[in-house]
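Below is one structure, written out as structure tokens, with a few remarks after it.
In this text the structure is predicted, and so the values were computed from the model without any measurement. Chain A is the first sequence line, chain B the second, and so forth, proteins listed ahead of strands; every chain is numbered from 1.
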Protein chains: 2
Amino acid sequence: MKSKPSKSGADERVAERSPRRPFDREAGVAVAKDLFHERGYDAVGVAELTRALGINPPSLYAAYGNKAGLYERCLEIYVAEANLPADKILTPDRPLSEAINDLLRQAVRLYTKSKAKRGCMVAEGMRADDPQARQLANAYGDAAADFIEGYIKRSQPHQARKLADYVVTTLQGLSAGARAGRSRARLLAVAELAGQAFETFLHTSDESKNA
Amino acid sequence: MKSKPSKSGADERVAERSPRRPFDREAGVAVAKDLFHERGYDAVGVAELTRALGINPPSLYAAYGNKAGLYERCLEIYVAEANLPADKILTPDRPLSEAINDLLRQAVRLYTKSKAKRGCMVAEGMRADDPQARQLANAYGDAAADFIEGYIKRSQPHQARKLADYVVTTLQGLSAGARAGRSRARLLAVAELAGQAFETFLHTSDESKNA
DNA sequence: GCAATGCTATAGTGATCACTACAAATCAAA
DNA sequence: TTTGATTTGTAGTGATCACTATAGCATTGC
């Protein structure tokens, strides 16, 4: 009867937190995230992960379920760490083209911040051979694309999708360029071009759409 | 004495052409090319290749050296088949922006021509996990980028690299979009935007650069 | 016919893949 | 101290990786 939910409330809290500390799951996710970001989902094996985390395979599976589960946690904190805080950049109070321009430039800075971890972890994950990993990354990628499209739609409802596609395509190209080793300066120049192009789209669209 | 170079000259020609037909190397390359294009270098194993070619592993290695060697042949004919005849599109007799616009649109058509073989085989190969395959693809990618930059430099010597980077980045984004399953119509819209953007770059650059 | 040539298929190489069965070890609660 | 729960390390699962040693076999020139 009272076997499960008996005793005091404090016990339940303690019971939830594992009687014997496993190995710091959170830190493990951070380490794995760097590995996945640096070399991609497929190229990082479980053996290398366990070596990097200082644990053995059974601990990894007990903690995260499987390799894809760990990757999911990595994606989660990668996005949550606000590496590219789209919600902070795409704010309703600033001009659309200025916000997009800022987004592109900040993306380049992020993609080229680390020499090892080049490009966008989500965008690169969408190209993984493993279908499960690809699906996980796609979820975040689609969410980001929807967010951008929704933001554009506020001021440009007629061609929001086309413009959002342009932005997303540019971001994917910038991520690929970063991964290929193109320098930050050159990518920033491209981002600036794309940003100033975006501004012209709004002008020309106003003319044609109002006609 | 007369054992080796005796007899008639016709024999030498026949002797060169393998006494027993191997298995049609050329056709094998074409089949392998489709597989590599469809699923990427890493995802296609030697076992699957030999199955698709109707041969056994030793024949593959005797014919192409190794998996990377076969991939190299595939890349070669992929590019040579003029899937995207840049030299036919980027001709000196047409306006720069028109040529670039055409290049982008034709690229989209190519990237979305087959439902299975999406994107650019070279651009996608540049992301392979295998360093050898990556290097092979990079060679073709760099050559294409240089060709584009050289073409732009003819009419825009000051900012050819920046503009070429923009075009290459857009192409990579389009390839990624095609691989992600984005429709031809949407990608064509993006290509058109990028093309019309490219034209504005020339105008604005003329003003600022001449000052 | 007879050896030489050259491609073929059978079978298997060690390495690595993601993943797990099992039992020792450690903790909490009784 | 005993019991029960849980994580740990050891060791190994079958599968697949790229690749190859060996030998059979068909065709060639003699």
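B:Asn101 contributes no side-chain N or O that, together with a main-chain N or O of B:Ser97, makes up a donor-acceptor pair within less than 3.5 Å. Side-chain N or O atoms of A:Arg94 include one that pairs as donor or acceptor with a backbone N or O of A:Ile89 at under 3.5 Å.
Ring planes of B:Tyr41 and B:Phe36: parallel class, angle under 30° (limits at 30 and 60°).
Contact check, B:Ser59 against C:dC7: no side-chain N or O comes under 4.0 Å of OP1 or OP2.
Surrounding CD of B:Glu98 are more than 12 heavy atoms belonging to other residues, nucleotides or ligands, all under 6.0 Å away.
A salt bridge between B:Arg127 and A:Glu124 is present, with a side-chain N of the basic residue lying under 4.0 Å from a carboxylate O of the acidic one.
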Between protein and nucleotides 14-23 of chain C, map the contacts as a letter string: B base, S sugar-phosphate only, - none, heavy atoms under 4.0 Å, written 5' to 3'.
----SBBB--
